[in-house]
Each structure stands twice: as C-alpha cells, then as structure tokens.
Number of protein chains: 2
Amino acid sequence: MPDSTSETSPSAPAAPARRSDSTRAAILDAARERFAADGYERATIRAIARDAKIDPSMVMRYFGSKDGLFAAAVAVDIRLPDLSALPRHEVGHTLVAHFLDHWEENEVLTALLRVGAGSQAGAERMQGVFRDQVLPAARRVCPDPEQAATRAALIAAQLLGLSLTRYVLRFPPAVALTRQEIVAWLGPTVQRYLTAPHP
Amino acid sequence: MPDSTSETSPSAPAAPARRSDSTRAAILDAARERFAADGYERATIRAIARDAKIDPSMVMRYFGSKDGLFAAAVAVDIRLPDLSALPRHEVGHTLVAHFLDHWEENEVLTALLRVGAGSQAGAERMQGVFRDQVLPAARRVCPDPEQAATRAALIAAQLLGLSLTRYVLRFPPAVALTRQEIVAWLGPTVQRYLTAPHP
DNA sequence: TACGTTGGTCAACGAGCGTTGGCAAACAGT
DNA sequence: ACTGTTTGCCAACGCTCGTTGACCAACGTA
C-alpha cells in the first residue's frame, strides 16, 4: 500500500476521472474472480493480467505487489443491517437472508474465504473482518461483551460453514438447497445462538 | 494414487517390515504437518523432506509426485460411531463430541480442510469423504434418501464451520470455547438438523 | 567373494513465478 | 509545434519449485 489515492474519499475535489481508472477496475474485477476461483497462490498475476487484457507489469505499477493487489481486491464491507430496529424473534431469519444476499452478489467473500483458509495472512484478514465488523454489531444486540463474542463466533461458524460447503467445497446437497430452505433451517439456529440463554 | 500398497490391509500376509517403512512414516508425518500448517502450494516437497531429514528425491521415489504424497497423507477415515444404538435425543451431543475428538487428535482433518478450501482437487477429495463416509451414515439414521442428504449437508456445514473458525481461521472467541460449551451449543443444532421435521 | 536389490545423496533440468527497467505511443498544457 | 506526463508493452532478471537421472553405500544371498 504505497500511496492512498483519493478513491471515492468523502468531500474530495472530485478526482478528474483519469483514463486509467477503467483499467484499474478491470484488473480488480479479474483479480477478484481469479482469487475466488483459484485461491491466492494459484491466482497468478500473469493470469489476472491476461483476463484484464493488459500486461502483467501494469498490475505491479498500479498495486505495487501481489499482496497489494489482493488487499485492494478484497476490501470487504459486510454492511450489517440495523438489527435493533426489528422484532427480536425475526433477527435470525433476517441475518441469514442478508448473509445469503451479500454472499451471492459478491465474489469477494468467496475469494476471502478461500484465501483465508489457505494462509496465515489470509486468516488474519478474516479475523480483522470479524473483529471490526461482526463483533461490534453483535455487541449492539447483546450487551454482555463476553457473551456477545461467543455468540458472534457461533453464528460465524454456522454461516461460514454454509458458505464453505455451498460455495467453496460445493457439496451437492448444500448446493441444491434453495434460498428459502436455508433461511428456514439456519434462521432458528442463528436466532438461538443470538438470544437463547447461555446453556 | 499410482499403486495401493498393502498398508494395513486386512489378512495380508504380513509384509516383511522393510527398513524403509520408518522413512515412509517420517515423510507422511512431516507432510501432514506441513499441509495442515501451510496448505498445498506453500507446503513444498523440499520443506517436507527437510523435516523428515531425507532428500527431496526420496519423496518422489516413494510417492511418485506431490499429488501422490498428498493423497497418501490425507487418507481420512471418519469412523462414525453406530448412531442407531443410542437414544435418538442423544444423537446430536454424541455426534458433536465424536467430531471434536477426531478433529483434535488428528491434524489430517485440518490439512484436508485447508487444502480442500484452496483448490478444486482438494474440494473433490472432501466431496468424496462426504459422499462415501458421511452420507451413508446419515442414510442409516434417516431413511428418506433426499432428506438424509439435506440433513447431512446441514450438519456438515455446522461442524465444518466450527472447525474453520476454530482451527483454521482461529477466531479468538471460537478458540476460547471449551469442549463442553461447544457440545452444549452445537448439540441441539445438530439434533434438530437430523431429526426435526422438514420445515 | 561376487552380485543384485534396496535405501539414499547429489547436482542439475525446465518451467513458472513475482518483479524490474527501458522504451514507444498517446495525451495535455503551453 | 514542443515538452512533460500518463499509459502501455516488451524482454529480461533472479528465484523457487517439482521432478529426473546418475551415482554410491549397505545388505542379503549364493
């Protein structure tokens, strides 16, 4: 991460929309796809550049290194909805539905899961998402901090387990599940992990 | 998988216990450890050979290729207990406890999960374990075959999700869970996925 | 003692990788 | 039209990897 350019920074003087922005976006798209499909090591810069129809050296000039490219490609924002606004007994279903939506419209998450499972650095990035985005949301719903952490971890285990079997490992029965079935099965589980008394 | 040697095959004429067996075992041990810690690509044959204190070329002689070594190193046998022998309402707890035992005494499973998430070939191997070992066990408990597949997938998602967050991604609250807490939280979930009426 | 088999080392190969620096167009300001 | 910057391609470097084949030391048997 050499220089933090003014990419969509708030109240910036509207960067002049350089011609290279489309190339940059093409590289990021190709990178996300390759990282999601192949994992970190097998997704080569050369292959990503080929997909983006440019030279491998351009990737280096734009992102500095393969690590820099990965960091730029998987900038995740879970964007959890405001759970405190809806009735407590609907939280489980809402959370599962939201999770499914975000995962299926966004191959970033599959890329992150693949890479997170494959290397220490990737695991640390997933830990960061959990710590900075999931945990605070859990604390907002569940005041006791220690319980909030445990409950968030249980929910993460259930939801990431579904993503793993469905989108990464592709177990046929997990792929065959419909959206409604998943919500109906996992909703009550998540609800219980979030609100049931500590056993 | 070039040749399936007579490794602990039942009623074999007791192979003469060659001198190289210890080397073979050392290679397999080192391979399991490296694959579990680093994943497939980063676990190099050279590093495995260094751990086993032999030359890299020996690995090739014994296992043919890196793929062959991996196949030999992660020969998984889930060895599910006979679930039909115990009362239905205890099945969930028993299953979770058995799963935890097997996972913690055996780094093969972590290796398999890491690699399974990282490559297509690894994913297919995990699919094989699911299809050949988990699904039949599920069918023995749940007669309706379509339901058995769905229920097995749900249980696999929950259990693998726990392993992922606890042993691979190492989310702190997932690592901090005690064995009893896991059984108490996940037991009822697994029980419900196995026996509750299809929602 | 001679010799085939087994267990092991050594040095190298070809390929693919991330990465670098130089050079050619296209463009923008003056 | 002149000049500096941006955008891009090309050719190569250094490195590590999986893999190979030649060679060597024990060992068991005749």
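Letters A, B, ... are given to chains in the order of the sequence lines, protein chains preceding strands, and every chain is numbered from 1.
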For D/dC9, does OP1 or OP2 lie under 4.0 Å from any side-chain N or O of A/S57? no

Within the structure shown, what part of the strands sits under 4.0 Å from A/S65 by heavy-atom distance: base, sugar-phosphate, or nothing? sugar-phosphate

In whole angstroms, the gap separating P of D/dT6 from CG of A/D21 amounts to 13 Å

Separation of D/dG8 atom C1' from A/F63 atom CZ, nearest Å, is 15 Å

Whole-Å distance between C/dT20 P and A/D55 CG? 14 Å

Distance, rounded to the nearest Å, where A/K66 contributes NZ and C/dC17 contributes P: 9 Å

Whole-Å distance, A/I45 CD1 to C/dG16 C1', equals 13 Å

Can you tell me which residue pairs pass the salt bridge (charged side-chain N to carboxylate O under 4.0 Å, His left out) test with a partner in residues 157-173 of chain A, sequence neighbours excluded? A/E104-A/R166

How many whole angstroms separate atom CZ of B/R42 from atom C1' of C/dG18? 13 Å

Nearest-nucleotide 5' precedence on DNA chain C, A/M60 against B/R61: B/R61

Assess whether a salt bridge exists between B/R114 and B/D38, defined as any Lys/Arg side-chain N lying under 4.0 Å from an Asp/Glu carboxylate O. no

Which residue, B/M58 or A/Y40, contacts DNA chain C at a nucleotide closer to its 5' end, judged by nearest heavy atom? B/M58

Does the ring of B/Y62 carry B/R24 above it, NZ/CZ under 6.0 angstrom from centre and within 45° of its axis? yes

C/dG16 phosphate, OP1 or OP2, under 4.0 Å from A/T44 side-chain N/O: no

Determine the interplanar angle of the B/Y40 and B/F70 rings, folded into 0 to 90°, and report it as parallel if under 30°, tilted if 30 to 60°, perpendicular if over 60°. perpendicular

Distance, rounded to the nearest Å, where B/I54 contributes CD1 and C/dC10 contributes C1': 14 Å

Which of the following nucleotides, C/dT19, D/dG18, C/dC10, is nearest to the side chain of A/R46? C/dT19

Euclidean distance, atom CD of residue B/E41 to atom P of D/dG18 [Å, nearest integer]: 10 Å

In terms of relative ring orientation, are B/W103 and B/Y167 parallel, tilted or perpendicular, with 30° and 60° separating the classes? parallel

